[in-house]
There are 2 protein chains.
Amino acid sequence: MNKTEQFLQLKGIRVTAMRILIYNFLSEKKVTVTLSDIENAFDKADRTTLYRTIKTFEDKEIVHQIDDGTGVTKYALCEPNCHCDLNTDLHLHFHCTQCGATVCLTDHKIPKIKVPNGYIAEHVNLVVKGICDKCSVK
Amino acid sequence: MNKTEQFLQLKGIRVTAMRILIYNFLSEKKVTVTLSDIENAFDKADRTTLYRTIKTFEDKEIVHQIDDGTGVTKYALCEPNCHCDLNTDLHLHFHCTQCGATVCLTDHKIPKIKVPNGYIAEHVNLVVKGICDKCSVK
DNA sequence: TAAAATAATGCACTTCCATTGCATTGATTA
DNA sequence: TAATCAATGCAATGGAAGTGCATTATTTTA
Ligand SMILES: [Mn+2]
Ligand SMILES: [Mn+2]
Ligand SMILES: [Zn+2]
Ligand SMILES: [Zn+2]
């Protein structure tokens, strides 16, 4: 049993071929991926299975969702010390309008946001759009 | 010719019955609205017309879009000194998870966000989720 | 180990929202 | 008034997310 399999088991989910494949696919990626990206990478597999696999990963805090405003949900592996559940230590996300890539800026935390009296802030989503490092040097 | 009609003409679009109605509907609202909200308010009108009216308003910077992460696009009238085009003076948006309302916090500007070297920030979308003032007092 | 229980997968179908083509109606201008 | 151009209405499309149910695989337990 290798690292990936051990990790999945530790997270309390059954270790299946599909889950290992998807997990490894995500860990090789430097950027966030959509369900379609996964579909294209595993065209033999059914979309529903991929969809449910990613949902399971989400539930178990293996991946987190990113809503970058493009209308398509992006996913990325959580960092070892990620606390998606607690909504603390939230990093920001960057969407490149040139190449379309969305990346986690894991060590750029979201600053404290002030809200008016009476409002209770529970969660913050912050997406910066612009040109990424790879596109800006071209 | 009243205020609304003058305003629309000033923005360089034809003054039609539908546009006046939708503009007034938006200006009476304290919160952002969805296309469905407008549909429900004007059930005699065709959805496409409402859709295109709001798109025209957007192009002419009469309204701005808000993506609050619910998956449905919200719209709100721009403030008199709104610069949606320049991406300057961006205010933040608040989405109440209790009543579902999304509001513009027009005098809560988005703080300067640092991005890594090589990245060029052009636009920032910031949505705070939580409990709004009306819901928190209940 | 075999049977029973539980979870994962695959297929078909649905829902929701955004968007477009095209014909028609209405407004503006020459 | 006729010609022109924009707004409206209808029908259809497309993309993405989500669900019900039968089948297959994995795990439990007797
Ligand atoms: Mn992230
Ligand atoms: Mn706003
Ligand atoms: Zn890029
Ligand atoms: Zn509320």
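Sequence lines set the chain letters: A, B, ... in the order given, protein chains first and strands last, and positions in each chain run from 1.
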* Asked: In whole Å, what is the span from the CG atom of A:L50 to the C1' atom of D:dG18?
  -> 14 Å

* What is the distance, rounded to the nearest whole Å, between atom CG of B:D46 and atom P of C:dG26? -> 15 Å

* Structure fact -> Rounded to whole Å, NZ of B:K60 lies from P of D:dA6 at a distance of 11 Å

* Separation between OG1 of A:T53 and CD1 of A:I38, rounded to the nearest 0.5 Å -> 8.5 Å

* Relative to the 5' end of DNA chain D, which residue comes earlier, B:M18 or A:S36, by the nucleotide with the nearest heavy atom? -> B:M18

* Find the distance between OG1 (B:T106) and NE2 (B:H93) and round it off to the nearest 0.5 Å. => 8.5 Å

* Using a heavy-atom distance cut-off of less than 4.0 Å, which residues of residues 37-44 of chain A contact DNA chain D? -> none

* To do: Please identify each residue that fulfils salt bridge (Lys or Arg N to Asp or Glu O under 4.0 Å) with B:K29, with sequence neighbours left out.
  => none

Could you list all N or O pairs between the protein and nucleotides 19-21 of chain C that sit under 3.5 Å apart?
{"unit_1": "C:dT19", "atom_1": "OP2", "unit_2": "B:Y51", "atom_2": "OH", "d": "2.7"}
{"unit_1": "C:dT19", "atom_1": "O5'", "unit_2": "B:Y51", "atom_2": "OH", "d": "3.0"}
{"unit_1": "C:dT19", "atom_1": "O4", "unit_2": "B:R47", "atom_2": "NH2", "d": "2.8"}
{"unit_1": "C:dG21", "atom_1": "O6", "unit_2": "B:R52", "atom_2": "NH2", "d": "3.2"}

* Atom CZ of A:R19 to atom P of C:dG10: distance rounded to whole Å? -> 12 Å

* To do: Would you mind building the protein contact string for nucleotides 22-27 of chain D? One character per nucleotide, 5' to 3', B for base within reach (heavy atoms under 4.0 Å), S for sugar-phosphate only, - for untouched.
  => ----BS

* Asked: B:T32 side chain to B:V103 main-chain N or O, any donor-acceptor pair under 3.5 Å?
  -> no

* A:T73 near the nucleic acid: base, sugar-phosphate alone, or nothing, with a heavy-atom cut-off under 4.0 Å? -> sugar-phosphate

* Expressed in angstrom and rounded to an integer, what is the separation of A:D59 atom CG from C:dA7 atom C1'? -> 14 Å

* Asked: Taking only residues two or more places apart in sequence, or in another chain, which ones meet B:K60 in a salt bridge (Lys or Arg N to Asp or Glu O under 4.0 Å)?
  -> none

* Trace of the side chain to side chain donor-acceptor pair (under 3.5 Å) decision for A:N24 with A:T4 -> CA-CA 8 Å; A:N24 288 336; A:T4 301; 2.9 Å; yes

* May I ask you to check whether A:H91 and A:H64 place their ring centres under 6.0 Å from each other? => yes

* Report the distance from atom CD1 of B:I13 to atom P of D:dA7, rounded to the nearest whole Å. => 8 Å

* Determine yes or no for a side-chain-to-main-chain donor-acceptor pair under 3.5 angstrom, with B:R19 supplying the side chain and B:R14 the backbone. => yes

* Asked: In terms of side-chain heavy atoms, does A:T34 have a donor or acceptor partner in A:D37 at a distance below 3.5 Å?
  -> yes

* To do: Indicate if B:I20 and B:Y75 have the same hydrophobic cluster label, given that clusters are the connected sets of ILVMFWY residues with side-chain heavy-atom separations under 4.5 angstrom.
  => yes

* **Spacing of A:D68 atom CG relative to D:dA16 atom C1', expressed in whole Å** => 14 Å

* Pair listing, ring-ring contact (aromatic ring centres under 6.0 Å, His included) test, anchored in residues 9-28 of chain B, at least two apart -> B:F7-B:Y23, B:F25-B:F42

